[in-house]
Amino acid sequence: MRLNELEKIRAEKINAMRETGIEPYPTRAERTHTTAQAKQAYEEIEGQSGASPLAVTVTGRIRSIRTMGKICFAHIEDMDGRLQLFLRVNEIGAEAMKFFTTHYDLGDFVQAEGDVVRTRTGEISLLVKEFRMLAKAIKPLPAAKDEVVDGQVVQHATLQDPELRYRQRYADLAVNADVRELFRLRSDVVRAMRAFLDDHGFLEVETPILQPIYGGAAARPFVTHHNQLHQDLYLRISFELYLKRLVVGGIERVYEIGRDFRNEGVSFKHNPEFTQMEFYWAYADYLQVMELTEQMIAFIAQEVLGTMQITFDGHEIDLTPPWKRVNLREGLLEVTGIDIADYPDSASLAAAMKAKNIQADSTAARGKLIDKLLGDHLEPTLIQPTFLYDYPIDISPLAKKLPNDPTTVERFEGFVGGMELCNAFTELNDPLDQEERFLAMGREYVEGDDERHPMDDDYLQAMSYGMPPMGGFGIGVDRLVMLLTGKRSIREVILFPHLRDKDRGEDDGE
RNA sequence: GGCCCAUUAGCUCAAUUGGCAGAGCAGCUGACUCUUAAUCAGCGUGUUAUAGGUUCGAGUCCUAUAUGGGUCACCA
C-alpha cells in the first residue's frame, strides 16, 4: 500500500499503539445503545429526581474532534446519528487524555463507555470513562464539515466530485449523510412495493438471469459463456417470458424484483444493469393494470414520503389517483397535428412528419416513427402523471390486439415528470398469433436490427398449453426512486453505477 | 459514437495579457477544563490528469490520450 504523508503519520500511530500493547484492530466490539437510543433513554429519565446516571456503551466513527487542553469534545457517528463524546482529565486522567489526542483521528471507529449527561450548552453527550479503538483509519476521509443551524445541517465542505463519489461510494456514504438517507429511502421504496404486491395476492419469484434465449424487450443483450456446457448464454433483458410461463403453470399473480441487463448506451437515465419490477395478473386486462399501477405508486409515495405531492425537476407533481389517461393517437394529434391513423404505412407517415419539419427516416418501421414522435414531442409534455394507451402493433410484439382494430394493441405506458416510468399491456396469449409476430420480428432481426426478438420456441410451447388472459406490467425501480427523490441522474440512485474502467484504456481497441 | 465543458494539495476552490502555484478546511507543533464550522500562534503538504509541442518562460496557448460531466445520436 502506497501511503502519502498524512497516511504515513496515521500508520505510525498504529505502530505506536501496538508498541504500548494496544491492538488498533480488536476482534470484538461492545455496544449497549446506538447514539439515538442513548439520547432517547437519557431524555426519558432526565427530569426524574433521584434517577441514577445512565451508563451506556456506544460505538461509531469519529467525525469531529475539538481538543481544549484538559477537556476534549468529539462527535461519533453511527447509523442512527451522532453523539458527542465529552472527555475530561478529571474523569479519565491526563495519560488517557494524552493518548486520545495523539492517537485518535477523524474517521477512526471507536467504542466509548460512560454516563450520558447534558453539557452546559445543552447537548446530550457521553461523559467518557473508558474508550477503545475499534478500527484505525489510515486514509483521511474527504473533508466534510457541517454545522447545525436552526436544526438544519449546513455543509461547509463536502465531497462533491461525482467521479470520486461514484467510484468510492463508501467515502461518499461515510461523509454525506443525505446520500445514506437516499439509499435508505430506496430500500423503503422496494419494501413498500413488495408489501403492496404481497397484499394484493401476488407471489414473488426468481427466474433465470442467465438465459439461453433472451426476450421480452427490444434491447441488445450481454453475452456470456458456460464453459463446461459449451453454451452461450445471455444476461436477461427482461423477466417477461419466464413470468408468463409461470402464469401458464397456474401462478395467477406473480412478480419479480431484480436486475435487468442491457448492452446499450450509458446516460443519466440508463445504466447497463438496472432494477426492474414486473408483475403478471391472470384474468385482468390493461385497464385494471392501469388502476392498480396508480394505486401502487400512490401507496409507495405515501408510505415512503408521507405524501403524494412531489417535486421533480422544478415541477410540483401530484401522484394522487386517478391519473390522466390519454389515447396515444389523440395525444400525438394534439401535440404534432399528425393523425397517425391517416398514415397506415411508414412511407406516408415519414412524409407527413417531414411536412411538419420533423426529421424522419423513411426506411424506419412505422412503429419506430411513432415511437420517435412520442419520445420527442409528447413525452416531455407529460409532467403530471399520465397514462398513454393503445400503441401500434409493430413495436409491441407481446401485446394483444384491440378486439376491433388489428393494427393497435392494448398497451399503456405511464409518464411522470416528462419521463417514462412504466410499461404494461394486455398480454398476447394466442400461440399462433404469437408465432407470427416472432416470425415478423425474426425477419427484421435478420435485416439487421439486432434488438429484435429471436424466436423462443419453448415460450410458444408454454403458451400452447393454454395461457389465461392476463395483464402484465413493468417498472424501472431506479427511475421511480429518481422521481421520489428528485434526482435527475440515475447514477445518484444506484449505489455503484457503472463507470468506465479507469485502469485500462490502452489495449482495448475501440 | 459526434460536439461542448472540466481535471490544480487529502477535500472545496483561487491564480491578471503566458512571468516565483495559494487560500479555507484536515494535517503537524504548541496554548486552552463546556466546545460544537471551537479559538489563538506557528508550519504549505503539489509530477497543476497523462504524453508531446510552441515559447526565454506554460496551470494558462496548440495536439493527442485518459477519466468525469453535459448534450445529441441511441434507448419499450
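Throughout, a chain's letter reflects where its sequence line sits, starting with A, and its residues are numbered from 1.
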Round to the nearest Å and state the distance from [X] atom [atom1] to [N] atom [atom2].
{"X": "A:F415", "N": "B:A76", "atom1": "CZ", "atom2": "P", "value": "12 Å"}
{"X": "A:Q168", "N": "B:C11", "atom1": "CD", "atom2": "C1'", "value": "12 Å"}
{"X": "A:I490", "N": "B:C75", "atom1": "CD1", "atom2": "C1'", "value": "12 Å"}
{"X": "A:D260", "N": "B:C75", "atom1": "CG", "atom2": "C1'", "value": "14 Å"}
{"X": "A:E278", "N": "B:A76", "atom1": "CD", "atom2": "P", "value": "14 Å"}
{"X": "A:I62", "N": "B:U35", "atom1": "CD1", "atom2": "P", "value": "21 Å"}
{"X": "A:R220", "N": "B:A76", "atom1": "CZ", "atom2": "C1'", "value": "15 Å"}
{"X": "A:N271", "N": "B:C75", "atom1": "CG", "atom2": "C1'", "value": "13 Å"}

For [N] and [M], measure between their [atom1] atoms and round to the nearest Å.
{"N": "B:C4", "M": "B:A21", "atom1": "P", "value": "31 Å"}
{"N": "B:A15", "M": "B:C32", "atom1": "P", "value": "41 Å"}
{"N": "B:A49", "M": "B:U8", "atom1": "C1'", "value": "10 Å"}
{"N": "B:U12", "M": "B:G69", "atom1": "P", "value": "15 Å"}
{"N": "B:A38", "M": "B:C20", "atom1": "P", "value": "35 Å"}
{"N": "B:G27", "M": "B:G10", "atom1": "P", "value": "14 Å"}
{"N": "B:C5", "M": "B:A37", "atom1": "P", "value": "41 Å"}
{"N": "B:A6", "M": "B:U48", "atom1": "C1'", "value": "14 Å"}

### Query
Are the aromatic ring centres of A:F131 and A:F100 under 6.0 angstrom apart?
yes
### Query
With a 6.0 Å cut-off on ring centres, are A:F473 and A:F279 close enough?
yes
#### Entry: Side chain A:S64 and base B:U36 donor-acceptor under 3.5 Å
no
### Query
Got a second to check how far A:L460's CG is from A:R437's CZ, nearest 0.5 Å?
12.0 Å
### Query
What distance do A:L332 atom CG and A:H377 atom NE2 have between them, rounded to the nearest 0.5 Å?
10.0 Å
From the set [options], return the single nucleotide nearest to any side-chain atom of [X].
{"X": "A:K368", "options": "B:U36, B:C34, B:C75", "answer": "B:C75"}
{"X": "A:D105", "options": "B:C28, B:C32, B:A76", "answer": "B:C28"}
{"X": "A:I9", "options": "B:A76, B:C34, B:G27", "answer": "B:G27"}
{"X": "A:E420", "options": "B:A76, B:U36, B:C11", "answer": "B:A76"}
{"X": "A:N423", "options": "B:A76, B:C34, B:G68", "answer": "B:A76"}
{"X": "A:H270", "options": "B:A76, B:U35, B:C75", "answer": "B:C75"}
{"X": "A:A217", "options": "B:C75, B:C34, B:A76", "answer": "B:A76"}

#### Entry: Side chains of A:N271 and A:R262, donor plus acceptor under 3.5 Å
no
Hey, does the side chain of [X] come within less than 4.0 Å of [N]'s phosphate (OP1/OP2), counting only N and O?
{"X": "A:K70", "N": "B:C34", "value": "no"}
{"X": "A:K13", "N": "B:C28", "value": "yes"}
{"X": "A:R66", "N": "B:A38", "value": "yes"}
{"X": "A:R167", "N": "B:G68", "value": "yes"}

Mind checking if [X] touches a base, just sugar-phosphate, or nothing, with heavy atoms under 4.0 Å?
{"X": "A:R411", "result": "base"}
{"X": "A:E413", "result": "sugar-phosphate"}
{"X": "A:S238", "result": "nothing"}

### Query
How do A:I65 and A:K98 order along RNA chain B: which one's closest nucleotide is nearer the 5' end?
A:K98
### Task
Please figure out whether A:R88 or A:T67 has its closest RNA chain B nucleotide nearer the 5' end.
A:R88
Write down the protein N/O and nucleotide N/O pairs, taken from nucleotides 69-73 of chain B, whose separation is under 3.5 Å; answer none if there are no such pairs.
residue, atom, partner, partner atom, Å
B:G69, OP1, A:R491, NE, 2.8
B:G70, OP2, A:R491, NH2, 2.9
B:U71, OP1, A:R488, NH2, 3.1

Surrounding [atom1] of [X] (heavy atoms of other residues, nucleotides or ligands, distance under 6.0 Å), is the total greater than 12?
{"X": "A:K354", "atom1": "NZ", "result": "yes"}
{"X": "A:E46", "atom1": "CD", "result": "yes"}
{"X": "A:R329", "atom1": "CZ", "result": "no"}

### Query
Going by the angle between their ring planes, with limits at 30° and 60°, are A:W323 and A:F387 parallel, tilted or perpendicular?
parallel
#### Entry: Carboxylate-amine/guanidinium proximity below 4.0 Å for A:E7 and A:K139
yes
### Message
Whether A:R236 engages the ring of A:F261 as a cation-pi pair (distance to the six-membered ring centre under 6.0 angstrom, angle to the ring normal within 45°) should be assessed.
### Response
no
N/O donor to acceptor pairs below 3.5 angstrom from side-chain atoms of residues 67-76 of chain A, sequence neighbours left out:
residue, atom, partner, partner atom, Å
A:H75, ND1, A:S64, OG, 3.2
A:H75, NE2, A:E123, OE2, 2.7

### Message
If a pair means Watson-Crick or G-U wobble with both distances below 3.5 Å, what does RNA chain B look like in dot-bracket form, with | marking bases paired to a different strand?
### Response
(((((((..((((.....[..))))((((((.......))))).)...(((((..]....))))))))))))....
